[in-house]
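Given the structure is predicted, the values throughout are model-derived calculations rather than measurements. Note that ligands are numbered from 1 as they come in the structure, with each ligand's atoms numbered from 1 the same way.
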Amino acid sequence: MGSAETKPIGADLIAELDRLAAEFGAEIGGLATEQDIRAAQARYLGKKGKLAEPMKMLGRLPAEARPAVGEAANRAKNAIESAVTARLAALDEAELAEDLGRVVDVTLPGRGRPLGTLHPLTLVRREIEQIFLGLGFEVRTGPWIETEWNNFDALNTPPDHPARDMQDTFFVEGGRILRSHTSPVQIRTMLAGPPPVRIIAPGNVFRRDDDATHTPMFPQMEGLLVDKQVSFAELKGTLLHFVHRFFGPGLGVRLRPSYFPFTEPSAEVDAACYLCDGGRKVTARTCRLCKGSGWIEIGGAGMVHPNVFRAVGYDPQAVSGFAFGVGLSRMAMLKYGVDDLRSFYEHDVRFLAQFR
Ligand code: PHE
């Protein structure tokens with residue numbers, strides 16, 4: 001107390017308080033974050049802050065000196081607090097102005113993600129399914145791993161039959177094979193129930209082929225119709241309807257006498273080559289797709305062999321039927337004008353993205 005009396009009472013403290021307020025005002029202008037501003041505020045107004053000492057001295061002043069100094073103390077506190085509020089508001093304002101200043105064109109279209117597409121072979125399968133559903137056929141599927149009996153024996157192809165060589169396939173453990181065609185679905189369907197039968201059976205098949213025009217796996221689609229007095233004319237009519245619905249009415253189709261153990265009589269089904277149109281567009285001899293024949297084989301067909309009916313317990317005297325099998329990749333090649341079969345299996349998006 002004694003030392004306080006030696007100083008010029010009051011005036012000194014008032015000057016000091018005003019000086020601190022001014023000092024704070026100068027300091028805060030350079031602070032750019034709320035955190036820094038709050039720290040500065042605490043350095044002045046906190047318990048051990050710069051104003052704490054003059055405030056302590058205020059209590060020791062003689063009563064008559066206190067009002068003026070008290071007023072200066074409030075003034076300093078208020079000045080510091082309103083400087084804090086003002087500075088924080090200014091910062092908010094600046095932030096908002098910066099946000100608004102960014103050019104945002106709300107009319108720009110969004111950045112789209114590229115959508116996947118259905119594989120062309122899937123598109124072809126679905127379209128063919130629709131055509132046959134319209135004719136009253138049902139869609140059936142069978143397993144890729146088959147018994148030899150379903151794949152060969154029941155289809156009138158006993159173990160020593162030379163036709164097995166045409167469909168050399170892969171044997172897997174347990175005496176089963178990867179099916180070499182979709183024809184075993186004929187057997188499965190007929191074993192599962194009595195006639196009449198009207199099915200198509202799309203799915204992958206496997207053969208020991210691997211070159212530019214043959215892949216060891218390829219999609220096929222089987223067709224089977226069994227009823228009373230089914231004729232070859234109905235087979236031909238069904239195939240023509242199918243091909244013309246699928247490719248358009250103009251495409252040439254021909255049936256060529258052929259041989260399959262499970263059909264009699266049998267035929268190969270050819271469609272006109274899209275690239276040379278049967279030799280009309282480019283000299284037939286130069287066409288790389290049909291190799292000059294003007295035709296592309298799309299599958300086989302025929303009337304169901306009586307031995308096939310016997311194998312599944314159908315009476316060949318009571319029922320007859322036709323069957324066919326088409327290569328879906330061949331159909332897709334013709335439909336989309338793809339001249340390399342491998343394109344379907346390489347999964348290059350530049351190729352696949354064209355089938356939207
Ligand atoms: N399964 C035969 C093949 O893959 C095609 C076919 C099916 C032929 C039905 C006649 C009847 O070569």
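- A donor-acceptor pair shorter than 3.5 Å cannot be found between the side chains of Gln354 and Tyr336.
- Between the OG atom in Ser258 and the CD atom in Glu297 there is a gap of 7.5 Å [rounded to 0.5 Å].
- Close contacts of ligand 1 with Phe262, meaning ligand atoms under 4.0 Å from a residue heavy atom, involve 1 (N), 2 (C), 6 (C), 7 (C), 8 (C), 9 (C), 10 (C), 11 (C).
- Taking the salt bridge (charged side-chain N to carboxylate O under 4.0 Å, His left out) definition, one finds that Glu234 meets it with nothing, sequence neighbours left out.
- Under 4.0 angstrom from ligand 1, the non-hydrogen atoms of Ala301 all belong to its backbone.
- For the pair Ser183 and ligand 1, the shortest N or O to N or O distance falls below 3.5 Å.
- Checked against the 6.0 Å centroid threshold, Phe260 and Phe322 do not count as a close aromatic pair.
- Under the 4.0 angstrom criterion for non-hydrogen atoms, Arg207 is in contact with ligand 1.
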Walk me through it: do Glu129 and Arg125 pass the test salt bridge (Lys or Arg N to Asp or Glu O under 4.0 Å)?
CA-CA 6 Å; Glu129 284 173 1; Arg125 175 176 57 73; 3.0 Å; yes

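- Numbered from 1 in the order shown, with element, the atoms of ligand 1 that lie under 4.0 Å from a heavy atom of Gln220 read 3 (C), 4 (O).
- Of the candidates Arg179, Met221, Glu222, the one placing a heavy atom closest to atom 9 (C) of ligand 1 is Glu222.
- When heavy-atom distances to ligand 1 are checked against a 4.0 Å cut-off, His305 has no atom that comes that close, whether in backbone or side chain.
- In the model, Arg310 has a side-chain atom that pairs as donor or acceptor with a side-chain atom of Asn307 under 3.5 Å.
- Judged as a side-chain contact (heavy atoms from CB on, under 4.5 Å), and not counting sequence neighbours, the contacts of Pro265 are Phe232, Met303.
- Geometrically, ligand 1 and Ser180 share no nitrogen or oxygen pair separated by less than 3.5 Å.
- Distances below 4.0 Å separate heavy atoms of Ala323 from the following atoms of ligand 1: 9 (C), 11 (C).
- Close contacts of ligand 1 with Gly325, meaning ligand atoms under 4.0 Å from a residue heavy atom, involve 6 (C), 7 (C), 9 (C).
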